Amino acid sequence: MTASIAATHAKGKFATDKIFEAAAAANKAAGKYGKDKVINATIGAILDDQEILVCLPAVEKVFRNLPINEVINYAPIAGLPEFLEAATALTFADNRPEAYTNAVATAGGSGVIHHTIWNYSEIGDTVLTSDWYWDPYNVLCQEALRNLDTYTLFDEAQNFNIRSFEAKVNEVLIKQNNLITIINAPAHNPTGYSLSDCEWENVLEVIKSAAKDQSKRLIVLVDIAYLDYAGEKNECRTFLRKFSNLPDNVLIVLGFSMSKGYTMYGQRTGAMIGLSSSQQVVEEFGKINQYTSRATWSNINRGCMRLLATIYQDKAILAQVEKERSHYYALIRERSDIFVREAKAVNLNMLPYIAGFFLTIPSQNPDAVCSKLHDDNIFAVPLGKGVRIAVCAVPSAKITGMAGKVAQAIATVDK
Ligand code: PLP
């Protein structure tokens, strides 16, 4: 009997997704006990206080009014020029660094990660991220025949662990010449952490120091999927200015995504924005990533690209989108504030949350803690070393009391 006919590199691949598993368990409980009795903190999308998926109304209006040919037609492989201009301008706001830039449309922020790994590391290379990370980074590396390694995100004072970062960068560079480091900030998934400008400076010092060796190429992939929920527009973007005048063997890639910022999750639209002090490097960036798009998915969603361009070109619509988004930012903040306050009151140890869709409670036995929480009809996502709570998806009324229940579950399980 032939058990497998897959190629060697494909044998044994199996996608287990803890997030979807946890979400399925929550839905089952909601069917059994009623939705109002169940707290589903597994979903990585904004739900309103009625637990309905939010689409920003101004975004919906523009989307529904697009001419049909703008929805159904093919688009240029690199992306609609007006979209790329809008994505770049909206990413920087008033914080454009002194650097050459170029942009290529991608299938969401995931597409940015895919192309960066493929085009800027060698097969067999190690890609670096922090020990708390969004799971698909690993799958994306494995699929491309690369390895993911991690540094410790937090030091003893719960700040960015620059010593661990530096040690890992230098360790990996002993065995390879290209190094991609993925930094998901601001509003990191799963912790909600944002590096301060000072921490970004320290990161760039490490990168610049490694780049003194001209045989090395340093690529920093900044996953900005949650940038639009990280705080006041320009305040949370000041770190982008730090990417000015870097050595020409350093490339910054920003992963722009319309999934969260424009509530267009399933429309799969994003852009990779490359920044370098070398014009040739950004020209090459455009060419090689466009080529990989052609070879991976061809062009992406034209309608969604037109949507962003239309929003960007009309100041009144853009202001309306930003106003509506601010409302949901405030809603998430209200929910996270409740959790953080109650966690303090019951001495529940949390990782430092600054902003974003998720917060995390460290635990030795995350699976057991999540199972225990099922007794209270609370559903969260077990990670390798903690439990992730999606504050984006749980109304304030249901958040109230949750930290205490998590503390009890941890006390029972981790003792
Ligand atoms: N990066 C992080 C940390 C995420 O959490 C997500 C989505 O959940 C993404 C990137 C990419 O999202 P998308 O591919 O939908 O743009």
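Because the structure is predicted, anything quoted here is derived from the model rather than measured. We count ligands from 1, going down the list as the structure has it; atoms in each ligand are counted the same way.
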Worksheet item: Got a salt bridge between Asp49 and Arg335, using NZ or NE/NH1/NH2 to carboxylate O under 4.0 Å?
Response: yes
Discussion item. Distance alone, cut at 3.5 Å: any donor-acceptor contact between the side chains of Asp149 and Thr126?
Written reply: no
Worksheet item: Can an N or O of Tyr137 be found at a distance shorter than 3.5 Å from an N or O of ligand 1?
Response: no
Worksheet item: By number and element, which atoms of ligand 1 are closer than 4.0 Å to a non-hydrogen atom of Ser259?
Response: 13 (P), 15 (O), 16 (O)
Practice prompt. Check ligand 1 against Arg268 and write out every atom of the ligand that is under 4.0 Å from a heavy-atom position of the residue.
Written response: 13 (P), 14 (O), 15 (O)
Practice prompt. Check each atom of ligand 1 against the heavy atoms of Asn184 and keep those under 4.0 Å away; list them by number with element.
Written response: 3 (C)
Discussion item. Only heavy atoms of Gly108, strictly under 4.0 Å: list the atoms of ligand 1 that pass.
Written reply: 14 (O), 16 (O)
Practice prompt. Looking only at distances, please establish whether an N/O atom of ligand 1 is found under 3.5 Å from an N/O atom of Tyr265.
Written response: no
Worksheet, complete the sentence: Residues passing the ring pair (Phe, Tyr, Trp, His ring centres under 6.0 Å) test with Tyr262, sequence neighbours excluded, are none
Practice prompt. Identify whether the distance between the nearest side-chain nitrogen and carboxylate oxygen of Lys168 and Glu171 falls below 4.0 Å.
Written response: yes
Worksheet item: Taking distance alone, with no angle check, do Gly109 and ligand 1 share an N/O pair under 3.5 Å?
Response: yes
Discussion item. I need the atoms of ligand 1 closer than 4.0 Å to a non-hydrogen atom of Ser257, numbered in the order shown.
Written reply: 13 (P), 16 (O)
Worksheet, complete the sentence: Logged contact type for Lys260 with ligand 1, heavy-atom cut-off 4.0 Å, is side chain
Discussion item. Please determine whether any non-hydrogen atom of Tyr133 lies less than 4.0 Å from an atom of ligand 1.
Written reply: no
Worksheet entry | Any donor-acceptor N/O pair, Ser293 side chain to Asn289 backbone, under 3.5 Å | yes
Fill in: Asn301: which of Arg306, Arg268, Gln267 passes side chain to side chain donor-acceptor pair (under 3.5 Å)
Gln267
Discussion item. Polar contacts were defined as any N/O atom of the residue lying under 3.5 Å from an N/O atom of the ligand; does this apply to Asp223 and ligand 1?
Written reply: yes
Worksheet item: Do Arg241 and Asp94 sit within salt-bridge range, that is, some charged N less than 4.0 Å from a carboxylate O?
Response: no
Item to complete: List in chain and number order the residues that pass side chain to side chain donor-acceptor pair (under 3.5 Å) with Glu342, two or more places apart in sequence or in another chain; answer none if no residue qualifies.
Response: none
